[in-house]
Amino acid sequence: MSTAHRPTWDPAQARDVKGGSRQFSVRDMAAHTKLKFRQVGQTSADEVKRRDLRAELLAAETEAKNKKQVADDETNKRRKLLQEAIEMDKDDSDKEEKEEGDAEEESESESEDDEDETAELLRELEKIKRERAEEKTRQEKEQSESNAAAREAEIATANPLLNLAAALGQTPNGIDTTVPGTFSVKRRWDDDLIFKNQAMNLKDKSKGHFVNDLLRTEFHKKFMSKFIK
């Protein structure tokens with residue numbers, strides 16, 4: 001039987017066995033039975049006694065001073081080379097400034113001609129922009145006038161009270177209208193929605209027309225008038 005499910009070693013001990021049990025726990029075995037000493041190369045006491053620590057310290061300080069001196073010499077040498085390069089660049093810049101001054105005098109005359117041409121081009125561009133703006137304004141004005149005329153015509157012909165001749169089916173002065181001879185206004189598609197035309201006494205609605213409201217249907221009205229009133 002396995003004792004892996006038992007949490008510790010002590011509960012796993014069984015009954016006394018002849019000859020004693022040969023099973024031991026790792027916690028019961030002896031450990032760390034030897035002392036560790038410093039080996040050769042691990043700064044043991046004998047090695048420390050044989051070393052001259054003062055001499056090693058002086059040698060390290062001397063080496064550090066030498067390295068610092070070499071670094072200072074390289075820095076001074078680099079600074080000197082940089083100063084020489086700056087002086088050479090200064091001489092070259094003086095020559096370049098003198099040459100640039102001569103070139104600027106020559107380019108001034110050319111720039112004056114270029115400025116005249118640029119001013120002429122700008123004037124031409126402004127003229128083109130002005131013409132385009134005027135054309136756009138004229139087109140917008142014509143469009144607005146045509147829209148206003150179309151709206152006035154629609155208002156005059158759509159309302160039967162303002163257009164009695166069209167409502168009666170007449171065409172005075174040879175004017176052709178598309179409105180039939182009746183005073184009824186064309187119904188919109190959203191006249192019978194829930195949140196429109198909530199009045200209960202609408203007489204002009206035809207019977208059996210679909211209404212998107214259960215409380216306003218013909219069946220509900222008949223039911224209420226027959227069984228509730």
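What you see below is based on every heavy atom in this structure, not just the backbone, and it leaves out hydrogens, waters and symmetry mates. Computed from a predicted structure; not experimentally measured.
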Could you pull out the closest heavy-atom pair between [X] and [Y], with the gap in Å?
| X | Y | result |
| --- | --- | --- |
| Leu215 | His220 | O-CD2, 3.3 Å |
| Thr43 | Val48 | O-CG2, 4.0 Å |
| Ser44 | Gln39 | CB-O, 4.5 Å |

**OP:** Would you check, one step at a time, whether the test side chain to side chain contact (heavy atoms under 4.5 Å, CB included) holds for Gln69 with Lys65?
**Re:** CA-CA 6 Å; Gln69 185 66 29; Lys65 289 180 180 179; over 6 Å; no
Original post:
Quick one: side-chain contact (heavy atoms from CB on, under 4.5 Å) partners of Arg50, sequence neighbours excluded?
Top reply: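 With sequence neighbours excluded, Arg50 shows a side-chain contact (heavy atoms from CB on, under 4.5 Å) to Asp46, Glu47, given in chain and number order.
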**OP:** Considering only NZ, NE, NH1 and NH2 on the basic side and carboxylate oxygens on the acidic side, decide whether Lys90 and Glu87 come within less than 4.0 Å.
**Re:**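 The answer is no: the pair does not qualify as a salt bridge.
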With rounding to the nearest 0.5 angstrom, report the [atom1] to [atom2] distance, [X] to [Y].
| X | Y | atom1 | atom2 | answer |
| --- | --- | --- | --- | --- |
| Leu125 | Arg123 | CG | CZ | 12.0 Å |
| Asn76 | Lys80 | CG | NZ | 10.0 Å |
| Thr62 | Leu57 | OG1 | CG | 9.5 Å |

**OP:** Consider only side-chain N and O atoms of Gln143 and Gln139, and report whether a donor and an acceptor are under 3.5 Å apart.
**Re:**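 Gln143 vs Gln139: no donor-acceptor pair found between side chains.
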Original post:
Taking everything shown except Leu214 itself, do over 12 heavy atoms lie less than 6.0 Å from its CG?
Top reply: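 No, the 6.0 Å shell around CG holds no more than 12 heavy atoms from other groups.
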Subject >> Candidates Lys141, Glu135, Glu134 - the one meeting side-chain contact (heavy atoms from CB on, under 4.5 Å) with Arg138 >> reply: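 Testing each of Lys141, Glu135, Glu134 against Arg138, the sole residue satisfying side-chain contact (heavy atoms from CB on, under 4.5 Å) is Glu135.
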Original post:
How far apart are the C-alpha atoms of Lys127 and Glu124, what are their side-chain angles, what is the distance that settles it, and do they pass the salt bridge (Lys or Arg N to Asp or Glu O under 4.0 Å) test?
Top reply: CA-CA 5 Å; Lys127 182 179 179 182; Glu124 188 68 22; 5.3 Å; no
